[in-house]
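To find a chain, count down the sequence lines: A is the first, B the second, and so on, and within it residues start at 1.
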Amino acid sequence: MMSSTQSPQKNVLAQSDPQTLLRIRHTCAHILAMAVQTLFPETKVTIGPWTETGFYYDFDRPTAFTPENLEKIEAEMRRIIRANLPIIREVVERDDIKAEIAALQEPYKQEILDSIPADEPITRYFIGSPDAGFTSHPEVEPSLIDPVTVPPTAVWWDLCAGPHLNSTKEIHPKAFALESVAGAYWRGDETRPQLQRIYGTAWETPEQLKAYLKQKEEAKRRDHRKLGQELELFSIQEDAGGGLVFWHPKGARMRLLIEDYWRSAHLAAGYDLLYTPHVANLELWKTSGHVDFYRENMFDPIEIESQEYQLKPMNCPFHVLTYQNRLHSYRELPLRWAELGTVYRYERSGVLHGLMRVRGFTQDDAHIFCLPEQVAQEILGVLNLTEKILSDFGFPEYEVNLSTRPAKSVGTDDIWQLATDALVEALNTKGWDYVTDEGGGAFYGPKIDIKIKDAIGRLWQCSTIQVDFNLPERFDMNYVAADGSRQRPIMIHRAIFGSLERFFGILVENYAGLFPLWLAPVQIRLLPVSDAQRSYAETVAQQFQEQGFRVEVDASGDRLGKQIRTAELEKIPVIGVVGKREVEQQTLSVRVPGGKAMPTRQAGDLGALPLSDLLEKMQVAIAHKSLF
RNA sequence: GCCCGUGUAGCUCAGUGGUAGAGCGCACCCUUGGUAAGGGUGAGGUCACGAGUUCAACUCUCGUCACGGGCUCCA
């Protein structure tokens, strides 16, 4: 992380002591399971860890939990909390506990017990005193339990490494909430039984819970799927199929601006641009290894004149073919080739999500072919370009990961060492802190991943820089070295946005739809107070247009109040009111959206400005790539 | 793909075993209005799609597709 600015909401949440929070959440998970087994005794327990915002617990039960069930469970949890039950840790003997679990008929717990290594201590945690003498699973019809009159006297325990609170009362009954039910596979393995996961959130204080819920609300308000529809940026249509994006005029305008910027930035950084086909002979994908390693993510091949063609899921083999078209000298390297390449990948229907996960998308891809001794310098160049581009789009903060050689990999020790050292050297020269993910690299080379931080503190992985020893080998790429010998070039894959669609979605959420002036599809809208000012408004619009601005005149004939409301809802960055006074004084009364349209920003009435002043102010905002 | 939920007008959503409603938007008319909704009239729907049950299905059942919350995977 490079620097740190935090929103006020985040600070409230950050006040908690992580250790305390962890115990609260872990204990909440246990209380949840206790409540569920009290109300639904036939339910089998599995695991219930804490999460970044709360906790969950996975249950096995033949019937699904309903939202009404969740309310009852939550009430039962409050009852347990208010009862101030002690939480007691006990170290147990494996054989003893095994027998107890068997008696309770908890197959998942049995499996967990069996997976605990022999040399590790086995602990369980009681809720309620074990001396109370009640069984863990009261033989009571759930419908007979009255949450008000029947006290939670039952003792419940779970096999668990801890840690936990000392008493249920240390949880504030108004600082937790159950959130949702979802399917989840036992041990995350889809060949194993599907369980029901109940999610909850838990905090130290009710204020923190409130702040969390508010932030959740804020994320919902920024949802790119909602804003994309409201602002007419894009759509995904059932008639065409899931995961396929239609860019509407306003979204397409923004994409054009993004692409133009991207091309200029790359040309300025010494890249050349490529265009390559969308399909190619399947043989190419066999050579590249994608058919062996990536088939499950590829569309099925298309047969044409008894040849099989493959819709491309990646651009790299095309760039390699471009390189292979003739022999290259070491004097030409590095070659930096970039392409906005549209790829198609088969994604399972359940994973599609707005623009964030689609089946057809455009990568801002580039491949650098270079000499071994150029790698560090090239990586540094990529880091510099990445920082320049991301910060121009309003993302100046990053979290950086370096992933090193995994157990299963291709390439010699020497080449891995060289490449990994080069990545580290580049990061150090750049002065970026990073976290090393040992063994987290691709089988074909080490990589750097960059996550950007958005306006409400969420991290998104966009950029990736990967060294590849595999493709040059598979395609037998080489260059002629100074001594006339043939040598293998190093190949670097890199993307800065990752996917244009996804990055666009992140942009929408980051700016909540109110874009910086240089990206806004409509930069200024002129609102005539009455029809009498329409022709003046048209004349002024003409002048804006001549200066290269994206301008509109509101032609609705609505009253001013309504026109302003419409413009604010559409998040037009600059609103220019034209009435009698403005016509006489040759000015515009300028207003910028805020308030209901943009709660984080004051609605601003900038008063009457001479045209030239406004033009200049707007030009400055564009030059700074800032909000107006 | 799997689990749960959803699918009704361009959008956001009510609704019922007897062939459909609101608000916004749109069109037209009146109003020419000064910083977040002026008034009126009207058009607009094979109730996602396909089967089945029924005298009768938008409603019940099954299947398909899409979307949402997750699992897994990932840009």
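Side chain of A/Y185, nearest nucleotide from B/G33, B/G1, B/U35: B/G1. The side chain of A/E238 sits closest to B/C65 out of B/C65, B/G33, B/G25. In the set B/A75, B/A36, B/G68, B/A36 carries the atom at the smallest distance from any side-chain atom of A/R565. Closest approach to the A/D605 side chain among B/A75, B/G69, B/U35 is made by B/U35 (side chain taken as heavy atoms from C-beta onward). Of all nucleotides listed (B/G33, B/A36, B/G34), B/A36 comes nearest to the side chain of A/L569. Which of B/U35, B/A37, B/G69 sits closest to the side chain of A/S589 comes down to B/U35. Picking from B/G69, B/A36, B/G38 the nucleotide with the shortest atom distance to the side chain of A/E568 gives B/A36. Out of B/U35, B/G1, B/A75, the shortest distance to the side chain of A/R348 is found at B/G1. Nearest nucleotide to the A/V577 side chain, out of B/G34, B/A36, B/G70: B/G34. Of the candidate nucleotides B/A75, B/A66, B/U72, B/U72 has the atom lying nearest to any side-chain atom of A/V351.
In terms of polar N and O atoms assigned as donor or acceptor, the side chain of A/R559 never comes within less than 3.5 Å of the base of B/A36 in a complementary pairing.
Among the protein residues, A/G188 comes within range of the sugar-phosphate backbone only, with heavy atoms under 4.0 Å from sugar or phosphate atoms but none that close to a base. Counting non-hydrogen atoms under 4.0 angstrom, A/G505 reaches nothing in the nucleic acid. Using a 4.0 Å heavy-atom distance criterion, A/G341 is classed as making no nucleic acid contact. No contact: A/Q363 has no heavy atom under 4.0 Å from any strand. A/E570 comes within 4.0 angstrom of no nucleic acid atom, judged by non-hydrogen atoms across all strands. Among the atoms of the strands shown, only primed sugar atoms or phosphate atoms (P, OP1, OP2) are found under 4.0 Å from some heavy atom of A/Y346. Within 4.0 Å (heavy atoms only), A/E179 reaches no atom of the nucleic acid at all. Note on A/R581: a base of the nucleic acid sits closer than 4.0 angstrom, heavy atoms only. At the heavy-atom level, A/E347 lies under 4.0 Å from base atoms of the strands shown. Note on A/G242: only backbone sugar-phosphate atoms sit closer than 4.0 angstrom, heavy atoms only; bases stay farther off. Among the atoms of the strands shown, base atoms are found under 4.0 Å from some heavy atom of A/V358. When heavy atoms are screened at a 4.0 angstrom cut-off, A/R197 is found touching the sugar-phosphate backbone but no base atom. Residue contacts shown for A/T464 are absent, as no nucleic acid heavy atom lies under 4.0 Å away. Among the atoms of the strands shown, none is found under 4.0 Å from any heavy atom of A/L527.
Nucleotides B/G7 and B/G34 place their P atoms 45 Å apart, quoted to the nearest Å. When the C1' atom is used for both B/C55 and B/U19, the distance is 14 Å, rounded to whole Å. Using P as the reference atom, B/A27 and B/C2 are 45 Å apart when rounded to the nearest Å. For the C1' atom pair drawn from B/C4 and B/C47, the interatomic distance equals 24 Å after rounding to whole Å. Comparing the same atom, C1', in B/A9 and in B/G25 gives a spacing of 11 Å after rounding to whole Å. If you take atom C1' in B/U64 and the same atom in B/G1, they sit 15 Å apart, rounded to whole Å. If you take atom P in B/U12 and the same atom in B/C67, they sit 14 Å apart, rounded to whole Å. Between B/A14 and B/U6, the distance separating the two C1' atoms is 15 Å to the nearest Å.
Side-chain N/O atoms of A/K571 include none lying less than 4.0 angstrom from OP1 or OP2 on B/A36. One finds a side-chain N or O of A/H353 lying less than 4.0 angstrom from the OP1 or OP2 phosphate oxygen of B/G69. Between B/G33 and A/S530, no contact under 4.0 Å exists linking OP1 or OP2 to a side-chain N or O.
At least one side-chain heavy atom of A/R494 sits under 4.5 Å from a side-chain heavy atom of A/D364. The side-chain heavy atoms of A/T53 and A/W203, taken from C-beta on, include a pair separated by under 4.5 Å.
Nucleotide B/U35: unpaired (no Watson-Crick or G-U wobble partner with both distances less than 3.5 Å). As the counterpart of B/C2, B/G70 is assigned, both hydrogen-bonding distances of the Watson-Crick or G-U wobble pattern falling under 3.5 Å.
Using a 4.0 Å cut-off between charged nitrogen and carboxylate oxygen, A/R197 and A/D58 count as a salt-bridge pair.
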Evaluate the side-chain hydrogen bond (donor to acceptor under 3.5 Å, both in side chains) criterion for residues A/S589 and A/E582: first the C-alpha distance (whole Å), next the side-chain angles of each, then the deciding distance (0.1 Å), finally the verdict.
CA-CA 7 Å; A/S589 285; A/E582 288 77 12; 2.6 Å; yes
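No side-chain donor from either of A/T201 and A/K216 sits under 3.5 Å from a side-chain acceptor of the other. Between A/E509 and A/H224, the side chains place a donor N or O and an acceptor N or O closer than 3.5 Å (distance only, hydrogens not considered). In this model, a donor atom of one side chain and an acceptor atom of the other lie less than 3.5 Å apart for A/H248 and A/S235. Using modelled atom types and a 3.5 Å distance limit, the side chains of A/T43 and A/Q37 yield no donor-acceptor pair.
Where A/M356 and A/V181 meet RNA chain B, the nucleotide closest to each residue was compared, and A/V181 sits on the side nearer the 5' end. Nearest-nucleotide mapping onto RNA chain B: of A/Q194 and A/Q533, the residue sitting toward the 5' end is A/Q194.
For A/Y199 and B/G70, the ring-to-base geometry does not satisfy the stacking test (centroid distance below 5.5 Å, interplanar angle below 30°).
Remark: the backbone N or O of A/V343 is not paired with any side-chain donor or acceptor of A/Q363 at under 3.5 angstrom.
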